[in-house]
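Lettering of chains follows the sequences in order, A, B, ..., and the numbering in each one begins at 1.
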Amino acid sequence: MSVTEMTETPLLTVEHLTMRFGGLVANNDVSFVARTGEITALIGPNGAGKTTLFNCVTGFYTPTVGRLSLRHPDGREFLLERMPGYRIAQSGVARTFQNIRLFGGMSVLENLIVAQHNKLMDASGFAIAGLFGLPTYAKAEKAALELAKYWLERVRLTEFADWEAGNLPYGAQRRLEIARAMCTEPVLLCLDEPAAGLNPRESGELAEILTFIRDARNPNGHRTGVLLIEHDMSVVMRISDHVVVLDYGRKISDGDPTSVKNDPAVIRAYLGEDEDAELPPEVAGDLPASVVHPAPKEI
Amino acid sequence: MDYFIQQLINGLSLGAIYGLIAIGYTMVYGIIGMINFAHGEIYMIGAFVALITFLAMGALGITWVPLALVVMLAASMLFTSVYGWAVERIAYRPLRSSPRLAPLISAIGMSIFLQNYMQLLQGARSKPLQPILPGNLTLMDGAVSVSYVRLATILITLVLMVGFTMLISRTSLGRAQRACEQDKKMAGLLGVNVDRIISLTFVMGAALAAVAGMMVLLIYGVIDFYIGFLAGVKSFTAAVLGGVGSLPGAMLGGVVIGLIEAFWSGYVGSEWKDVATFTLLVLVLIFRPTGLLGRPEIEKV
């Protein structure tokens, strides 16, 4: 993919987003863009407002101020801040949560088919056709099954298809959540700490899945942009193309992983204020230069 | 032995009716976690709609029994569904995010309202209906006689149960319903219109209750505005007995209660049959609060 194509397709545009809860400002004038073909990572210390921003994008919260627009590859545009949650989902945004929220009592395969509910509902005429097994519904269900199998294959859960989702091991549940989100055929996939609680091998597999989602065309021909919140810096630095850093609700840095990693504002947010920098000049003058102006630290 | 079989069949048909109503309780509980106390009244309305439809057809000169029964069933299910839908829309949906007690009180209010509404519209006197489907099937040299109506009740219930189980397990509506039962928010995020699924749950419960209402009308030939209360409480007992939230449980609970009532009436005396039923409710709540087929609720820590 060429650079120009990347810059031409802003998928999600967040403009001047502010979210207040009474006196608490969780997000303060945050603007950024997430693109198709990129993994955009949202990072920041605890309480920086990352999850709040996610909740605004996916319709859990209505932002106090600001505009969230989602532009489909075919040019349709949706203003997410005005839509109820299920409509946002229908307009092509899928998300996962920090804690796993699978339908534990249903089978792995059923979890993936529920995600295609709308398509099936349209085909089944309020389940009537489904009850009598009419051909239109049978066809739609076959397609839904195909898509489910496609994503099962991708997240390597094919042999678990008939398991109850709640009985899967933790890492597999995480992968299933991503597969389920992808079964809604989203244009934007929002992942809230997908690597939380995964061991290094599992988070390696996760990184593979995410880069696959970024690069490959989905069975429906579309591509999916990825927006993720992540604390595991090794994952962020390895797979993301674009990093947005929040601190105390504000955006403090925005750019590619390397430049963000070396941004003094980011270092300050993560490692605290450099105390030596506060020293009065007469004291600082006596100290070696490396202490007064330390080299940027590795995060 | 003859007497036993006779009571068994009576109990099964009665149980089928309780089961049909209990499914409405259990489904609604499963999806929004509240007991819809107005559900008994929905069943009562179903019986009234069936009666009115029959009388209207009589006035129009339609007397062919099979047609009359089918139209009664269809009209009753249709109109009662609308009532079920409206009850949810008016009395429960605005309270969806309130504390759990609020919709419960609203449900009790709805129940009282519907009773009085029917009393005002139709009068307080019992409404009789001549037997539409007379005749008995005699078994064992005439020792056991089963009325066709009871037989039809059992058959229709079986058919509905099979259809309903298919609906829940095979169709996308059923899957969405089960998904909403587990996590409404997540289901919404996957594009399921949760409000619509909840509405449809009420509609389905009401339709099944309407069938029960019509069957009671046909079996006993008399209804009044107050029949919903006792039937509602007993079906609720059936739902609790089977495990609230479990569909096969509701059906099983209904059958168990029907059988207990029939055998108690047959062998002990009919005046104490309600005591037997509700004693069972108390015992189940003490010793097996999750019911026969209910899953124990696992507390998340």
Side-chain angles (χ1 to χ4, degrees), chain A residues 54-55 58-60 84-97 99-107 109-134 137-138 140-141 144 165-166 177 180-186 190, chain B residues 27 30-31 77-78 81 85 93 96-97 159-201 203-204 207 243 245-248 293-301:
Chain A
F54 249 48
N55 285 341
T58 49
F60 272 66
Y86 77 96
R87 296 277 306 139
I88 290 183
Q90 289 172 357
S91 73
V93 179
R95 84 169 279 186
T96 67
F97 288 86
N99 48 336
I100 289 175
R101 290 179 77 165
L102 289 168
F103 302 120
M106 297 166 78
S107 78
L109 196 62
E110 275 184 321
N111 265 278
L112 299 183
I113 291 178
V114 166
Q116 305 176 55
H117 173 76
N118 282 308
K119 251 184 337 185
L120 286 173
M121 248 351 217
D122 289 345
S124 77
F126 276 93
I128 308 288
L131 200 53
F132 299 111
L134 296 186
Y137 181 74
E141 195 165 63
E177 277 211 308
R180 184 179 63 178
M182 288 310 293
C183 277
T184 64
E185 307 192 300
C190 301
Chain B
M27 278 201 311
I31 203 156
M77 286 173 87
L78 184 72
S81 300
W85 177 84
R93 192 179 294 178
R96 187 81 49 77
S97 51
V159 170
L160 280 175
M161 280 307 99
V162 171
F164 205 68
T165 311
M166 301 260 284
L167 182 82
I168 295 298
S169 62
R170 298 266 177 87
T171 69
S172 57
L173 174 64
R175 261 190 304 261
Q177 208 166 24
R178 281 179 290 145
C180 288
E181 236 168 70
Q182 293 184 35
D183 190 339
K184 279 197 277 296
K185 209 133 222 192
M186 193 66 229
L189 282 176
L190 294 171
V192 176
N193 185 343
V194 177
D195 278 340
R196 181 185 292 168
I197 297 290
I198 292 175
S199 284
L200 283 174
T201 304
V203 162
M204 288 190 282
S246 149
L247 289 180
L293 303 181
R295 282 190 190 196
E297 197 140 308
I298 297 163
E299 190 96 5
K300 275 184 205 136
V301 188

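Going from atom CD of Glu177(A) over to atom CE of Met186(B) covers 6.5 Å, rounded to the nearest 0.5 Å. Annotation: the span from Gln90(A) atom CD to Asn193(B) atom CG amounts to 7.0 Å, rounded to 0.5 Å.
Proximity to chain B (any heavy atom under 4.5 Å) is shown, for Thr58(A), by both the backbone and the side chain. With a 4.5 Å cut-off on non-hydrogen atoms, Glu141(A) touches chain B through its side chain but not through its backbone. Using a 4.5 Å cut-off between heavy atoms, Thr165(B) does not touch chain A at all. Only the side chain of Ile197(B) comes within contact range of chain A, judged by heavy atoms closer than 4.5 Å.
Between Ile113(A) and Arg175(B), some side-chain heavy-atom pair lies under the 4.5 Å cut-off.
Put simply, of Ser91(A), Ala144(A), Ala115(A), the one with the most heavy-atom pairs under 4.5 Å next to chain B is Ala115(A). If you tally non-hydrogen atom pairs under 4.5 Å between each of Arg95(A), Gln116(A), Arg101(A) and chain B, the highest count goes to Arg101(A). Put simply, of Phe103(A), Phe60(A), Phe97(A), the one with the most heavy-atom pairs under 4.5 Å next to chain B is Phe103(A).
Open room surrounds CZ on Arg87(A); 12 or fewer heavy atoms of other groups in view lie less than 6.0 Å from it.
Contact detail for His117(A) and Gly191(B): the closest heavy-atom pair is CD2-O, 4.5 Å. The nearest pair of heavy atoms linking Ala89(A) to Gly188(B) is CB-O, 3.7 Å. Closest approach of Leu190(B) to Val114(A), counting heavy atoms only: CD1-CG1, 4.5 Å.
Salt-bridge annotation for Arg170(B) and Glu110(A): absent, with no side-chain N of the basic residue lying under 4.0 Å from a carboxylate O of the acidic one.
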